[in-house]
Amino acid sequence: MFASTIAKRFLSANKRQTFFIIFGIALGVAVQIFVGSLIGGLQETLLDRTIGNTPHIVITSDSDNPQIENWTSPVQSIRGVSGVSTVVTVQDGQAFVRNFTKDALVLLRGFDIAEADKIYGFLDTIYEGTAPASVNETIVGKEMQVEHDLALGDTLELQTNLSQPFDTDNVTIVGFYDVGVAAVNSLWVITLKQTTTQVFGYGTNITSINVQVNDPFAALDIATTIESQFVPPGLKVVAWQEQNAQLLSGFQAQSISTYMIQAFVLISVVLGISSTLAITVVQKSRQLGILKAMGTNDKQASNIFILEGAIFGIGGTTLGVFLGIFLFWGFAANVKDSATGGPLIYFVLDWNLILISAAIAIVACIIAAASPALRASRLSVIEVIRNG
Amino acid sequence: MGRQNVLELRGVSKVYGTVIKTQALTDVNLGFEEGSFSAIIGQSGSGKSTLLNILGTLDKPTTGEVLIAGRRTTEMKSNELAKFRNVNLGFIFQFHYLLPEFTVFENVIMPYLIKDKGILPFGVKEQAEKLLALVGLTQVKDKNSQQISGGQQQRTAIARALLNNPKVVLADEPTGNLDSDTTETVYQLLRQINKDFGTAFIIVTHDRRIAEKTDRIIEIRDGRVVMDVGIASTA
Ligand SMILES: Nc1ncnc2c1ncn2[C@@H]1O[C@H](COP(=O)(O)OP(=O)(O)OP(=O)(O)O)[C@@H](O)[C@H]1O
Ligand SMILES: [Mg+2]
């Protein structure tokens with residue numbers, strides 16, 4: 001109460017200095033939040049592009065025979081594993097398109113279209129034609145359409161057994177899709193399971209089980225659970241992390257450098273406040289001497305500066321949070337991805353990051369005030385009184 | 001006889017410095033009664049301020065004891081001493097020492113604020129107003145303490161020293177920078193307060209004319225008490 005009266009008056013008596021300190025802290029906090037949101041946002045966008053429309057866990061045969069028999073009960077069990085959101089069964093394989101003049105190897109994938117769309121989301125990307133609705137109807141990707149100059153109603157002559165060049169199946173193109181990934185657009189020929197059953201002759205057997213989970217980072221653990229409890233031997237279960245080790249280590253390096261930037265910003269803020277407050281203690285030593293002569297005790301004297309630190313911390317952090325969010329918003333709104341023309345990252349606030357940064361900054365400001373506060377408590381009255 | 005000493009020095013010596021030693025006080029024995037009005041005189045460098053600071057518990061003697069209402073200060077902790085100063089002592093320093101960030105009125109109530117008892121009670125406000133009227137500062141009470149004259153600052157310091165109704169007021173050259181008319185006014189004021197409230201005053205001064213108007217003159221020379229005479233009180 002007394003200490004806060006004095007602290008507030010000390011600060012308001014020197015508004016310029018107070019403003020600059022608060023602004024300095026605000027800049028530090030703003031940079032932390034901006035950099036943190038930016039890196040977080042970029043990682044999220046990148047992650048979404050990498051695994052957003054692909055299965056997180058893929059279960060395939062471990063032997064030369066790609067077929068999985070007796071899959072209904074394992075699939076049933078996998079659907080019940082906690083954290084699993086979607087399970088899609090696939091019947092696919094490579095095929096040679098005889099009427100293509102180059103790059104004739106494609107991946108023919110048979111799905112239950114409505115079910116598979118939950119993972120791959122290709123229905124919304126059909127820009128011409130419709131989804132396959134009956135046997136021998138297919139859709140192909142944009143790159144394939146362009147490369148081979150395809151039109152709706154064109155026929156693909158598929159050959160699946162290299163040693164039998166005359167055993168071909170004809171499928172018809174009923175639509176074109178564009179999922180935004182060239183590797184998929186140029187390679188996948190999507191159709192119903194009825195078509196693949198005919199082409200590959202697998203009957204009711206499937207070739208892979210595709211799983212999506214709620215938290216992509218839990219995929220590895222869930223894959224382990226599935227492998228050990230729910231699939232018969234002879235199958236292999238692979239989580240997305242195992243195929244994207246480079247991306248993950250990139251994320252990790254990025255996160256570490258973000259933490260380092262944040263730590264250095266924090267350290268410079270703390271040093272700045274600490275030294276400014278130390279100067280303030282010297283500036284105010286005359287007043288402190290008078291107050292102590294009148295009976296202010298050491299604890300009250302140090303509380304004045306702890307409170308100044310807290311006021312700087314709370315004021316600077318509040319301003320900094322607004323500033324940081326504003327900077328991030330400005331970046332998200334104005335910086336475009338040169339490839340797509342869309343935003344490079346989305347304006348999504350990570351409140352965890354913001355609250356943690358703010359809390360750390362406030363605590364750091366109070367800690368930074370500790371050494372000046374100690375000086376204030378130790379300040380000897382007689383030195384001040386004697387030296388006028 | 002029989003009035004109790006509020007402040008007492010027993011065999012107090014003070015040595016400044018560790019390498020080059022300055023003996024500022026040598027074996028001083030003094031007692032100050034409640035309601036007394038004393039002057040400490042002596043040449044520059046004789047040890048007056050040193051003595052006053054030790055009496056006010058702002059400084060510690062090298063040897064000897066300081067007693068407050070019969071209690072040894074060496075037995076008291078720093079917080080206890082701070083509280084004692086707040087409740088029982090008022091200081092008027094030679095160089096005004098007001099807090100520049102606060103108004104005249106705020107400076108006067110500061111000794112109450114230090115008690116940290118929350119909202120200012122009406123009684124304290126009234127007391128501050130009364131003291132400000134007494135020292136003739138009602139007109140300037142809401143001005144910043146740096147925007148008034150030296151004499152007004154001195155009177156503010158007097159009002160502040162009296163706010164908590166202390167037992168003793170210690171004043172070091174309280175009229176040092178004032179013209180003789182103002183000096184006269186300030187002394188009459190201190191005398192008045194001494195009479196009305198029974199506050200004891202210990203005043204350091206180099207002005208003999210002032211000293212002669214007090215009840216007791218203590219002269220210091222080279223750190224020793226060389227004269228201690230009581231003048232029959234007119235009261
Ligand atoms: N901090 C100090 N360190 C060393 N010596 C000191 C210190 N303070 C005072 N002295 C010395 O102690 C002696 C007494 O000083 P003091 O300030 O008590 O004198 P004073 O009587 O108040 O003088 P004045 O009338 O000039 O104010 C002087 O010789 C002075 O030089
Ligand atoms: Mg002196």
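Proteins come first, then strands; the chains are lettered A, B, ... in the order of their sequence lines, and each starts at number 1. Note that this is a predicted model, so its numbers are computed, not measured.
Atom CG of B:Leu99 and atom CG of A:Leu291 lie 5.0 Å apart (nearest 0.5 Å). Atom OG of residue A:Ser380 and atom CG of residue B:Leu58 lie 9.0 Å apart, to the nearest 0.5 angstrom. Taking CZ of B:Arg85 as the start and CG of A:Asn297 as the end, the distance is 10.0 Å to the nearest 0.5 Å. Rounded to the nearest 0.5 Å, atoms NZ (A:Lys299) and CG (B:Asp116) are 10.0 Å apart.
Other residues, nucleotides and ligands contribute only 12 or fewer heavy atoms inside 6.0 Å of the OH atom of A:Tyr259. Under a cut-off of 6.0 angstrom, the local environment of CZ in A:Phe347 is crowded, with over 12 non-hydrogen atoms contributed by other residues, nucleotides or ligands. Within 6.0 Å of CZ in B:Phe197 there are more than 12 heavy atoms belonging to other residues, nucleotides or ligands. Other residues, nucleotides and ligands contribute only 12 or fewer heavy atoms inside 6.0 Å of the CD atom of A:Glu44. Heavy-atom contacts from other residues, nucleotides or ligands closer than 6.0 Å to CG of B:Asp222 number 12 or fewer. The number of heavy-atom neighbours closer than 6.0 Å to NZ of A:Lys336, taken from other residues, nucleotides and ligands shown, is above 12. For B:Phe84, the CZ atom is densely surrounded, since the number of other residues' heavy atoms within 6.0 Å is greater than 12. By the neighbour-count criterion of 12 heavy atoms within 6.0 Å, atom CZ of B:Arg224 is sparsely surrounded, having that number or fewer from other residues, nucleotides or ligands.
In this structure, A:Gln287 and B:Pro100 approach most closely via the heavy-atom pair NE2-CG, 3.3 Å. Of all heavy-atom pairs between B:Leu98 and A:Ile290, the closest is O-CD1, 3.8 Å. The heavy-atom pair separating A:Met294 from B:Ile114 by the smallest distance is CB-CD1, 3.7 Å. Minimum heavy-atom separation, B:Glu101 to A:Ala13: CG-CB, 3.5 Å. Nearest heavy atoms, A:Thr296 versus B:Ala82: O-CB, 4.1 Å.
Checking B:Ser78 against A:Asp298 by side-chain atom types alone, a donor-acceptor pair falls below 3.5 Å.
Annotation: side chain of B:Phe91 is not in contact with side chain of A:Val381 (no heavy-atom distance under 4.5 Å). In this structure, the side chains of A:Gln300 and B:Asn79 stay at 4.5 Å or more apart for every pair of heavy atoms.
Between chain A and the options B:Lys115, B:Met110, B:Lys117, B:Glu80, heavy-atom pairs under 4.5 Å are most frequent for B:Met110.
For B:Phe102, the parts sitting under 4.5 Å from any heavy atom of chain A are the backbone and the side chain alike.
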